[in-house]
Amino acid sequence: MTTRQRIACSILSLLLLSACALIGPEAPERTVRVRLLADPKLREKDPRWSETAAGLLRAASNYFEREFGIRFVAQKIAPWELEESSPFVVTLMKRLVQKYPLKDQNGSYDLIIGLTGEWVTFYFGGRGMVNRFGNCREGLGNYLVSAVTAPYRYTGPQAELPLDVVALIHEFGHIFGAEHVKDPSSIMNEDFDYRAEFDAKSREIVMKNKFCPFGK
């Protein structure tokens, strides 16, 4: 016969198992609050631009969560209101920083990402740019500009990574302090293409800066 004590113990066991699941190895150790902005060119090329933006971030976040325990969460996805666009990433970065503060009426953000549909010029071999490479003394960078070459629909954590997701992962590496390397197989190589692995040195840097504060 089932007693009240046995029922209570069973319920307690289930609660303990649920709590363990929440704090288990799958739980992220750090969460980065993100504001995603899409420029006019991207919105013109892709009517479902918000889905593309959300999917790119989710796929890149899956990678960082699996490899480093860092999760990127979109707190807001909105149009990037550019009065005049530019093919120069440096120019886009300056406009992004000037127009969008880290705090607004909807909350505060650790990272603001400007996604552009422009065919931007390469920036030292890369396809994007961050305003500051991560280090604990100055704080991690707060702004990132990355080009989007095609519409993207997220299909799950096991899907093959397209170039635009790899580019975002590469830029996140910069945010957490990893620089360009000569290793041709590393995702932190200037010509990263479809590479999907960090070299040992870059991985060590990201892990070292994992809990560094973001710059203010």
Side-chain angles (χ1 to χ4, degrees), residues 18 20-38 42 46 48-78 107 109-117 126-130 133-134 140-178 180-181 183 185-189 191-212 214:
S18 298
C20 290
L22 288 174
I23 61 174
E26 297 301 319
E29 299 172 46
R30 180 162 199 188
T31 298
V32 179
R33 301 166 299 170
V34 177
R35 181 177 186 179
L36 278 170
L37 300 167
L42 177 56
D46 182 4
R48 296 167 63 187
W49 58 269
S50 60
E51 186 177 345
T52 289
L56 290 173
L57 183 68
R58 186 173 181 185
S61 177
N62 282 345
Y63 182 98
F64 256 74
E65 189 171 344
R66 181 179 70 249
E67 298 294 323
F68 302 109
I70 302 172
R71 176 183 291 174
F72 295 83
V73 177
Q75 290 195 321
K76 186 175 182 181
I77 301 175
Y109 313 94
D110 299 311
L111 181 63
I112 295 180
I113 301 176
L115 298 175
T116 177
R127 294 172 174 80
M129 180 182 178
V130 298
F133 280 20
L140 304 180
N142 297 113
Y143 293 87
L144 184 162
V145 172
S146 192
V148 179
T149 61
Y152 176 70
R153 305 293 172 255
Y154 177 80
T155 58
Q158 304 305 320
E160 185 177 348
L161 300 178
L163 178 61
D164 292 336
V165 173
V166 174
L168 201 52
I169 293 170
H170 175 98
E171 300 309 321
F172 286 163
H174 285 323
I175 288 291
F176 280 90
H180 287 155
V181 297
D183 185 346
S185 65
S186 174
I187 201 170
M188 293 312 299
N189 186 279
D191 184 20
F192 48 79
D193 286 337
Y194 292 91
R195 292 158 178 77
E197 297 294 335
F198 277 79
D199 60 283
K201 181 180 178 181
S202 296
R203 180 178 293 277
E204 181 181 350
I205 291 172
V206 172
M207 292 300 294
K208 180 181 177 181
N209 290 334
K210 179 175 177 177
F211 294 108
C212 291
F214 280 85

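Numbers here are sequence positions counted from 1.
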Got more than 12 heavy atoms from elsewhere within 6.0 Å of CD, Q75? yes
Least distance between heavy atoms, V32 atom then F214 atom: CG1-CZ, 3.7 Å
Nearest atoms (heavy-atom pairs only) where L37 meets I112: CD1-CG2, 3.8 Å
Between R195 and D193, does any NZ, NE, NH1 or NH2 come within less than 4.0 Å of an OD or OE carboxylate oxygen? yes
Ignoring hydrogens, what is the shortest heavy-atom contact between V165 and L56? Give both atom names and the distance. CG2-CD2, 3.6 Å
Is there a donor-acceptor pair closer than 3.5 Å between any side-chain N or O of R30 and the backbone N or O of K210? yes
Side-chain (N209) to main-chain (F176) donor-acceptor, under 3.5 angstrom: yes
Is L161 close to I169 at the side-chain level, that is, under 4.5 Å between some pair of heavy atoms? yes
Nearest-0.5 Å distance that lies between atom OG in S186 and atom CG in D191: 12.0 Å
Closest approach of V206 to A178 (non-hydrogen atoms, all atoms of both residues): CG2-CB, 4.3 Å
So that I can tick it off, tell me whether R71 and D110 are bridged by a salt bridge, with the cut-off set at under 4.0 angstrom between side-chain N and carboxylate O. no
In this structure, are over 12 heavy atoms from other groups packed under 6.0 Å from K201 atom NZ? no
Look at the side chain of S146 and the backbone N and O of L115, then say whether any donor-acceptor pair between them is shorter than 3.5 Å. no
Take the angle between the ring planes of F68 and F64 and call it parallel below 30°, perpendicular above 60°, tilted in between. tilted
Would you compute the distance between atom CD of E51 and atom CZ of R58 and round it to the nearest 0.5 angstrom? 11.0 Å
Any side-chain to backbone donor/acceptor pair from R35 onto A78? Under 3.5 Å, distance only. no
To the nearest 0.5 angstrom, please state how far the OG atom of S61 sits from the CZ atom of R66. 10.5 Å
Kindly indicate whether the side chain of Y109, heavy atoms from C-beta on, has any atom under 4.5 Å from the side chain of N142. no
Measuring from F133:CZ to L140:CG, what's the distance to the nearest 0.5 Å? 12.5 Å
Are any non-hydrogen side-chain atoms of R153 and T52 less than 4.5 angstrom apart? yes
Which pair of heavy atoms, one from Y152 and one from A59, lies closest together, and at what distance? OH-CB, 3.5 Å
How about V166 and Y63: do any of their side-chain heavy atoms sit closer than 4.5 Å? no
Are E197 and R203 close enough, and set up right, to give a side-chain contact (heavy atoms from CB on, under 4.5 Å), and what steps lead you there? CA-CA 9 Å; E197 297 294 335; R203 180 178 293 277; 4.1 Å; yes
Below 4.5 Å, heavy atoms only, C-beta onward: do H170 and H180 meet side chain to side chain? yes
Looking only at heavy atoms, the pair that brings A53 and I77 closest together is CB-CG2, 4.2 Å
Within the 4.5 Å heavy-atom criterion, are F172 and L111 side-chain neighbours or not? yes
Heavy-atom side-chain contact between F72 and L36 under 4.5 Å: no
